[in-house]
Peer 1: 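Would you mind keeping the following structure in view while I ask a few things?
Each chain gets a letter, A, B and so on, in the order the sequences are listed, and its residues count up from 1. Side chains included, hydrogens not; waters and symmetry mates left out as well; all remaining heavy atoms used.
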2 protein chains.
Amino acid sequence: MDDAPAETELSELESEAVALFVRLVQLLGLPKSIGQIYGLIYISPRPLTMDDIVSRLGISLGSASQGLRQLRTLKAIRVTYIPGERKDHYLPETEFRKLFANFIEDQLSPHIEVGRDAIDHMTRLAESSSEADAIHYRARIDKLRRLHSIAGRLTPAIARFINF
Amino acid sequence: MDDAPAETELSELESEAVALFVRLVQLLGLPKSIGQIYGLIYISPRPLTMDDIVSRLGISLGSASQGLRQLRTLKAIRVTYIPGERKDHYLPETEFRKLFANFIEDQLSPHIEVGRDAIDHMTRLAESSSEADAIHYRARIDKLRRLHSIAGRLTPAIARFINF
DNA sequence: TCGTTTTTTCAAGTTTTTTTGAAATAAGTG
DNA sequence: CACTTATTTCAAAAAAACTTGAAAAAACGA
């Protein structure tokens, strides 16, 4: 019945919101489309469907579907069911504290884990080397261990800091 | 006089150091070669030349030159002049506190700056909109402003935290 | 200054990441 | 259940990021 493609231009406010989140997610190493989608949902006064996102941002269905999934995984958005509507409607999580906690947990913590194993392995390698350089290696590896320890304590500290 | 290409394999310890820093710089959104180069210089008992880096890591001169430049810009390495040697020799900056302070200053602070302008612009746009949604927009933009303020205070706080 | 060695630059090539679009699947409705 | 609509999947295309190598420039030493 309605077959107009609803290609409404973004308002200036929406454009700014989208651009802001695009920059933010690129800083975090996530794809641009994630920032576009979240930005639009974030600023919107009401829940948006995947269709809204596709038509307003001019991105493909595939991008939208994958982007929405990743945002759900990060718990940056959630679905709300509107009675009598078939499509899923998406709402933003607006508590950035939670968003960053999830991001740290999902994207950072695993790497810190791997780092510990690497440093332990390096320690063993340096111990079994009885060369003249062994002292040097131990000192450098110790510095790494201290850095690692700080990283491990930093992420929870940041989460606390954000808790305004 | 010596024309052997000095293609010494990396020791296991060197490989681990390189791999560790590759992961770290990828987390920070920097190219892999930056991590390789810094990792090798970091673990080395003595200063290395660009040539050492090219031959030991098996990367191109171009990559090495560009990577070394970026590392100098970040103040992650510095040149040491060795009497009677023509080539530049590179030493690592091993104080991670300084490294992160430089990184934040160079790569993060500019973005935070831009964010403030964007939020101010959004505020003006929302104020001039006299629609029913204006209240909603103001609330969302205020949350952004709080996030931005936290980001601005967080980076110096991290620098202090690392100061062990 | 001249010849040699070292470093930088940058266009082209390669690799990696992201996006697309069409087909398949799933989900909601009558 | 059959039909329609919505969503997901994934191979291929496009875009972005990184690396290469050869030529140019700079630096050094005699």
Peer 1: Could you tell me the separation between the CD1 atom of B/I41 and the CG atom of B/L68, rounded to the nearest 0.5 Å?
Peer 2: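 With rounding to 0.5 Å, CD1 (B/I41) is 5.5 Å from CG (B/L68).
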
Peer 1: Within the structure shown, what part of the strands sits under 4.0 Å from A/D51 by heavy-atom distance: base, sugar-phosphate, or nothing?
Peer 2: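 No contact.
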
Peer 1: Please give, in whole Å, the distance from C/dT17 P to A/Q26 CD?
Peer 2: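 A/Q26 atom CD is separated from C/dT17 atom P by 15 Å.
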
Peer 1: How many angstroms lie between CG in B/L48 and CZ in B/R56, if you round to the nearest 0.5 Å?
Peer 2: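 One finds 8.0 Å between CG of B/L48 and CZ of B/R56.
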
Peer 1: Just how far, in rounded Å, is C1' of D/dT19 from CD1 of B/I37?
Peer 2: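 In whole Å, D/dT19 C1' lies 11 Å from B/I37 CD1.
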
Peer 1: Can you sort out which residues in residues 61-86 of chain B have a heavy atom within less than 4.0 Å of DNA chain C? Ascending by number, please.
Peer 2: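 Heavy-atom cutoff 4.0 Å gives B/G62, B/S65, B/Q66, B/R69, B/R72, B/R86.
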
Peer 1: Nearest whole Å is fine: how far is C/dT8 C1' from B/Y90 OH?
Peer 2: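 It works out to 10 Å between those atoms.
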
Peer 1: Does B/S60 make a side-chain N or O approach to OP1 or OP2 of D/dG21 shorter than 4.0 Å?
Peer 2: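 It does not, given that no N or O in the side chain of B/S60 lies less than 4.0 Å from OP1 or OP2 of D/dG21.
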
Peer 1: State the NE2-CD distance between A/H121 and B/E16, to the nearest 0.5 angstrom.
Peer 2: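 Spacing of NE2 (A/H121) from CD (B/E16) equals 5.0 Å.
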
Peer 1: Nearest-Å distance, CD1 (B/I59) to C1' (C/dT8)?
Peer 2: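 One finds 15 Å between C1' of C/dT8 and CD1 of B/I59, rounded.
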
Peer 1: D/dT20 C1' sits how many Å from B/I53 CD1, rounded?
Peer 2: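 The distance from CD1 of B/I53 to C1' of D/dT20 comes to 17 Å, rounded to the nearest Å.
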
Peer 1: How many whole angstroms separate atom NZ of A/K32 from atom C1' of D/dA16?
Peer 2: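 Result: 11 Å.
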
Peer 1: Starting at CG of B/D88 and ending at C1' of C/dT8, how long is that distance when rounded to a whole Å?
Peer 2: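 Going from B/D88 (CG) to C/dT8 (C1'), I get 12 Å.
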
Peer 1: With a 6.0 Å cut-off on the ring centroids, do A/Y90 and A/Y38 count as close?
Peer 2: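 Aromatic pair excluded; centres sit 6.0 Å or further apart.
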
Peer 1: Under a 3.5 Å threshold, yes or no: a donor from one side chain and an acceptor from the other, between B/R138 and B/T123?
Peer 2: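 Their side chains do not contain a donor-acceptor pair, so the 3.5 Å distance test is not met.
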
Peer 1: Using a cut-off of 4.0 Å on non-hydrogen atoms, how would the nucleic acid contact of B/T49 be classed: base, sugar-phosphate, or nothing?
Peer 2: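 Nothing: the residue B/T49, judged by heavy atoms under 4.0 Å, touches no strand.
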
Peer 1: Assess whether a salt bridge exists between B/R46 and A/D133, defined as any Lys/Arg side-chain N lying under 4.0 Å from an Asp/Glu carboxylate O.
Peer 2: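 The answer is yes: the pair qualifies as a salt bridge.
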
Peer 1: Tell me if a side-chain donor or acceptor on B/T49 pairs with a main-chain N or O of B/H89 at a distance below 3.5 Å.
Peer 2: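 Such a contact is absent between B/T49 side chain and B/H89 backbone.
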
Peer 1: Atom CZ in B/R153, atom CD1 in B/I112: separation rounded to 0.5 Å?
Peer 2: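 It is 11.5 Å, given to the nearest 0.5 Å.
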
Peer 1: What do you reckon, are the aromatic ring centroids of A/F100 and A/F161 less than 6.0 Å apart?
Peer 2: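 No - the distance between ring centres of A/F100 and A/F161 does not fall below the 6.0 Å cut-off.
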
Peer 1: In degrees rounded to 10°, what angle is found between the helical axes fit to the five outermost pairs at each end of the helix from C/dT1-D/dA30 to C/dG30-D/dC1?
Peer 2: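 Computed angle between terminal axes is 30°.
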
Peer 1: Atom CG of B/L48 and atom P of C/dT7: how far apart are they, to the nearest Å?
Peer 2: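 The distance from CG of B/L48 to P of C/dT7 comes to 12 Å, rounded to the nearest Å.
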
